[in-house]
Protein chains: 2
Amino acid sequence: MTASLDSIFAALADPTRRAILAMLLEDDMAVTDVAEPFAMSLAAISKHLGVLERANLIAQEKRGRLKWCKLEPAALKAPSVWMQSFGQFDPVNLDDFERFLAAEIKLRSSDAAQES
Amino acid sequence: MTASLDSIFAALADPTRRAILAMLLEDDMAVTDVAEPFAMSLAAISKHLGVLERANLIAQEKRGRLKWCKLEPAALKAPSVWMQSFGQFDPVNLDDFERFLAAEIKLRSSDAAQES
DNA sequence: TCGTTATTCAACCTTTTGGTTGAAGATGCG
DNA sequence: CGCATCTTCAACCAAAAGGTTGAATAACGA
C-alpha cells in the first residue's frame with residue numbers, strides 16, 4: 001500500500017515532478033493540462049506521472065477519455081517522518097514554502113522561455 | 001550554501017545512503033568505519049559519501065589520515081518544509097521513525113548476510 | 001462510421017548512477 | 001626511510017533515468 005522510501009524520494013528528486021505536484025496542490029487535472037506548461041512531449045509527462053503514481057504521490061482515475069490526476073498527500077508522511085527525525089525544525093511555515101516554490105519557478109523560467 | 005532540492009532528494013533516494021545517515025545520527029565516523037557494515041567496496045562508499053556531502057547532508061573533515069563524517073541535519077530543513085506543505089501531518093513521532101528504520105534494516109539484511 | 005482528441009506504447013538515444021578493480025596519494029609508525 | 005593504513009582516483013561496466021518520435025489504443029462527437 002505504501003510505496004518505498006526509495007521510490008518516493010526518487011520521485012521527488014526531479015524538478016518537473018515537483019512542479020507537477022505543486023500544480024496538483026491547486027486542483028486535480030487531466031494529463032494534457034498537466035503537460036501544458038512544460039517544454040517537453042506529452043509522452044515524457046506521461047512517464048513522469050507514472051513515476052509519481054508508482055510512488056503513490058498521485059492517483060490517476062480515467063473518466064471518459066480524460067485521465068484525472070490527483071494529489072495523494074498522505075504518501076509524504078513516511079518520508080516526512082524519516083526526515084524530521086534527523087533534527088527538530090520549526091513548525092511548518094507556509095511562507096517558507098512559497099519562497100521555495102518561487103525560487104524553483106525562477107530556476108525553470110529560462111527553460112520554459114523556449115516555449116512560445 | 002544550501003544544496004538544491006534535486007540533489008538532496010536524490011541523495012535520500014538510495015537505501016545505502018539513508019543507512020549511512022542513520023549511522024551518523026549515532027556518532028561521527030571515519031570513512032572505513034562507515035563502510036564496515038556494507039557488502040560493497042570502500043570506493044563505492046566513498047562515492048556515496050561524496051553524494052551526501054554535495055547535498056550538504058554531511059560534512060567531512062580530514063584529521064590526520066582519518067576523514068571524519070558528521071551529519072548536517074540542517075540540510076533537511078528545506079525539503080522538509082517543501083514536503084510538509086502538501087499535507088499537515090501529526091507532530092513528529094520518534095516511534096514511527098524507529099519502525100521505519102527497523103523495516104529498512106530488515107529489507108537489507110538478506111544482502112548484508114553475504115558478508116561474514 | 002469517420003475524424004478528432006486523449007493517452008500510452010515501443011523503440012531508440014544519451015547521460016547519469018551505482019557498482020567494480022587496481023593504482024596512486026597522503027599520513028602515521030617503528 | 002620503509003611499510004602499513006586510510007582514502008580517493010581512473011577506467012571501466014551494466015542498468016536506470018529522462019528524453020525523443022511515430023504508431024497504437026480508446027473514447028467521444030457528428
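Naming: A, B, ... by sequence-line order, numbering from 1 per chain. Predicted model, so just to flag it, every value in this text is computed and none were measured. Heavy atoms only: backbone and side chains are in, while hydrogens, waters and symmetry mates are out.
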Quick check against the 3.5 Å criterion: does B:R17 have a side-chain atom that pairs as donor or acceptor with the backbone of B:L12?
no
Indicate the atoms forming the closest heavy-atom contact of A:S7 with A:A55, along with that distance.
O-CB, 3.6 Å
Under a 4.0 Å N-O cut-off, is there an ion pair linking A:K70 with A:D27?
no
For the residue pair B:D28 and B:W68, what are the closest heavy atoms and their distance?
O-CZ3, 3.9 Å
Non-hydrogen atoms of B:C69 and B:L49 that approach each other most closely
SG-CD1, 3.9 Å
Rounded to whole angstrom units, what separation is found between the CD1 atom of B:I45 and the P atom of D:dT7?
12 Å
5'-most to 3'-most nt of DNA chain C touching chain B (<4.0 Å, heavy-atom partner on protein side) reads C:dG18 to C:dG28
Please compare A:R65 and A:A43 by the position of their nearest nucleotide in DNA chain C and report the one closer to 5'.
A:R65
Whole-Å gap separating C1' (D:dT25) and NZ (A:K67)
12 Å
Looking only at heavy atoms, what is the nearest atom pair of A:M83 and B:S80, with distance?
CE-N, 3.4 Å
Upstream residue (5' side of DNA chain D) when A:R63 and B:T32 are each assigned their closest nucleotide:
B:T32
Report the distance from atom NZ of A:K62 to atom C1' of D:dC28, rounded to the nearest whole Å.
11 Å
With sequence neighbours left out, what residues match A:S46 under side-chain contact (heavy atoms from CB on, under 4.5 Å)?
none
For B:E36 and D:dC6, what is the distance between atoms CD and P respectively, to the nearest whole Å?
12 Å
Considering all heavy atoms, the nearest A:P37-A:M23 contact:
CG-CE, 3.7 Å
Could you state the CG-P distance from A:L42 to D:dA24, rounded to the nearest angstrom?
18 Å
Per-nucleotide protein contact along nucleotides 13-19 of chain D, 5' to 3', at a 4.0 Å heavy-atom cut-off (B base, S sugar-phosphate only, - neither), is -----SB
